[in-house]
Amino acid sequence: MKCLMSRHTVRETLGTVFQRVSVEAGVIKCKAAVLWEPKQPFSIEEIEVAPPKTKEVRIKILATGICRSDDHVIKGTMVSKFPVIVGHEATGIVESIGEGVTTVQPGDKVIPLFLPQCRECNACRNPDGNLCIRSDITGRGVLADGTTRFTCKGKPVYHFMNTSTFTEYTVVDESSVAKIDDAAPPEKVCLIGCGFSTGYGAAVKTGKVKPGSTCVVFGLGGVGLSVIMGCKSAGASRIIGIDLNKDKFENAMAVGATECISPKDSTKPISEVLSEMTGNNVGYTFEVIGRLETMIDALASCHMNYGTSVVVGAPPSAKMLTYDPMLLFTGRTWKGCIFGGLKSRDDVPKLVTEFLAKKFDLDQLITHVLPFKKINEGFELLNSGQSIRTVLTF
């Protein structure tokens with residue numbers, strides 16, 4: 001005789017099990033990919049994950065994406081304390097909650113948020129703001145109370161951007177977690193935790209691309225392709241992709257680019273090439289690489305009077321940008337954005353719902369799915385240019 005249980009009943013049962021395990025176990029021992037120092041491979045270690053404190057949530061990670069920002073930590077171009085557990089693009093299940101948590105409960109499917117939303121600070125309360133005061137983009141490496149929940153070999157291990165998802169279990173502040181639809185496939189919607197949202201939001205929220213416009217996207221990695229998808233969704237009539245690697249052109253065309261070019265194919269500055277191609281009518285440019293020179297190229301490539309250029313790629317630490325102010329004096333708008341300008345706890349669940357309604361396709365961004373233990377192989381795929389997004393599953 002078959003026993004049929006509703007999804008609600010299964011979820012309640014799962015939540016009860018998670019809560020019981022947490023209460024009995026307290027500290028959880030699990031596997032994590034630890035970076036002991038920069039420019040070294042990940043080491044798969046057994047770590048201890050402390051139970052959540054007040055207003056904290058402990059999460060069992062189901063799937064996590066490999067993002068270029070994680071690689072910046074490895075290469076030492078993004079500030080971090082060591083040893084550290086990086087990773088910030090994931091889907092998981094709430095295992096247990098600390099005192100005072102009201103927005104999630106054990107058993108909920110969630111996405112950890114590298115950009116918190118406390119809903120109390122100036123940025124959160126402003127309709128155009130999203131850089132919450134609780135964000136950790138400066139590499140503090142600890143949770144709100146100033147301590148870490150990770151220990152390995154008797155030493156504290158630091159957090160990364162409020163999330164740390166390259167581990168079987170993590171602990172985050174309640175402001176850094178969004179409850180999502182139970183039906184969402186974790187190995188796909190994890191991309192909404194960073195890459196997809198950053199690119200898509202840059203076009204529809206920060207850039208505010210208008211229907212019929214011409215857009216140019218510098219950099220055709222996973223975030224760049226997501227910008228293209230956002231431009232297409234906003235109704236852009238012409239979307240030009242730019243990358244030195246022509247192998248990326250096919251994927252860019254598949255998600256909505258109307259044409260692609262390589263700067264190496266002309267001796268002229270790319271801004272001149274684009275002006276000639278479009279009749280001097282580029283409305284929006286997006287820099288999705290994180291190179292200072294390309295940021296200036298992108299700014300120069302949008303219309304000198306009414307163009308908007310958006311910096312999407314994370315810039316290198318401790319670098320200063322020098323540019324001709326005349327590029328702005330004539331009327332251009334130069335904007336930056338983090339997480340696509342989206343309010344994380346509000347917008348991430350909405351994007352998951354839109355994905356389930358087939359408003360966009362995340363399959364086009366995922367080229368590899370690997371078991372978590374092959375994390376170093378995943379980064380090799382990233383650095384060799386063979387992958388758009390590699391997702392690790394647990």
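Bear in mind the structure is a predicted one, so any value in this text is a computation, not a measurement.
K109 is not listed as a side-chain neighbour of D181, based on a closest heavy-atom distance of 4.5 Å or more. Looking at P41 and F379, their side chains never come closer than 4.5 Å, going by heavy atoms from C-beta outward. The side-chain heavy atoms of I74 and F42, taken from C-beta on, include a pair separated by under 4.5 Å. Using a 4.5 Å heavy-atom threshold, the side chains of L220 and N251 count as separate. Side-chain contact between W334 and V311 is present, with heavy atoms from C-beta onward closer than 4.5 Å. When side chains are defined from C-beta on, N281 does not count as touching R238, because their heavy atoms never get closer than 4.5 Å. The side-chain heavy atoms of V348 and L342, taken from C-beta on, include no pair separated by under 4.5 Å. The shortest side-chain heavy-atom distance between I192 and I180 does not fall under the 4.5 Å cut-off.
For R332 (side chain) and L299 (main-chain N/O), a donor-acceptor pair under 3.5 Å exists by modelled atom type. No donor-acceptor distance shorter than 3.5 angstrom exists from the side chain of E168 to the backbone of C30, with no hydrogens or angles considered. Under a 3.5 Å cut-off, the side chain of K55 and the backbone N or O of G98 do not form any donor-acceptor pair. Distance alone, capped at 3.5 Å, places no donor-acceptor pair between the S175 side chain and the P116 backbone. Under a 3.5 Å cut-off, the side chain of N305 and the backbone N or O of G331 do not form any donor-acceptor pair. A distance-only check finds a donor-acceptor pair linking the side chain of Q364 to the backbone of A254 [under 3.5 Å]. For the pair E287 (side chain) and I289 (backbone), a donor-acceptor distance under 3.5 Å is present. Judged by distance alone, with hydrogens and angles left aside, the side-chain atoms of D136 form a donor-acceptor pair with the main-chain N or O of G141 at under 3.5 Å. Looking at T308, its side chain never comes within 3.5 Å of a backbone N or O of G207 through a donor-acceptor pair. For T170 (side chain) and S164 (main-chain N/O), a donor-acceptor pair under 3.5 Å exists by modelled atom type.
Residues E174 and T103 bring a donor and an acceptor atom of their side chains to less than 3.5 Å of each other. Side-chain contact check for S387 and T367: no donor-acceptor pair (N or O, by modelled atom type) lies under 3.5 Å. Side-chain contact of R149 with T147: a donor-acceptor pair under 3.5 Å is present, judged by distance alone.
A salt bridge is absent between D346 and K350: the closest approach of a Lys/Arg side-chain nitrogen to an acidic carboxylate oxygen does not fall below 4.0 angstrom. A salt bridge between D145 and K53 is present, with a side-chain N of the basic residue lying under 4.0 Å from a carboxylate O of the acidic one. Classification of E95 and R58 as a salt-bridged pair holds, one side-chain N sitting under 4.0 Å from a carboxylate O.
Connectivity analysis of hydrophobic side chains (ILVMFWY, heavy atoms under 4.5 Å, direct or indirect) links F329 to M326.
Under the ring-ring contact (aromatic ring centres under 6.0 Å, His included) rule, H159 has a single partner from F150, F114, F82, F166, which is F150.
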Under the criterion side chain to side chain contact (heavy atoms under 4.5 Å, CB included), I'd like the reasoning laid out for I270 against V216: C-alpha separation, chi angles, the key distance, then a yes or no.
CA-CA 11 Å; I270 191 66; V216 178; over 6 Å; no
Q. Would L191 and E89 count as a side chain to side chain contact (heavy atoms under 4.5 Å, CB included) if you check the C-alpha gap in whole Å, the side-chain angles of each, and the deciding distance to 0.1 Å?
A. CA-CA 6 Å; L191 271 61; E89 184 181 82; 4.1 Å; yes
(request) Walk me through it: do R68 and N383 pass the test side chain to side chain contact (heavy atoms under 4.5 Å, CB included)? (result) CA-CA 9 Å; R68 181 68 67 178; N383 290 313; 3.3 Å; yes
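Across all non-hydrogen atoms, the minimal contact from G256 to I228 is C-CG2, 3.6 Å. Nearest heavy-atom pair across L381 and L370 is CD1-CD1, 4.1 Å. In terms of heavy atoms, I240 sits closest to M277 at CD1-CE, 3.9 Å. Minimum heavy-atom separation, C231 to V209: SG-CG2, 4.2 Å. Residue L113 comes nearest to R345 through the heavy atom pair CD1-CG, 3.4 Å, listed as atom of the first residue, atom of the second, then distance. Counting all heavy atoms, side chain and backbone alike, S301 lies closest to V282 at O-CB, 3.4 Å.
Cluster membership check: F339 shares its hydrophobic cluster with I137, using side-chain heavy-atom separations under 4.5 Å among Ile, Leu, Val, Met, Phe, Trp and Tyr.
Here the two rings, on F360 and F196, have centers that are under 6.0 Å apart.
Applying the side chain to side chain donor-acceptor pair (under 3.5 Å) test to pairs two or more places apart or on separate chains, those with a residue in residues 195-222 are Y200-S233. Note on residues 288-304: pairs passing salt bridge (Lys or Arg N to Asp or Glu O under 4.0 Å), not counting sequence neighbours, are R291-E293.
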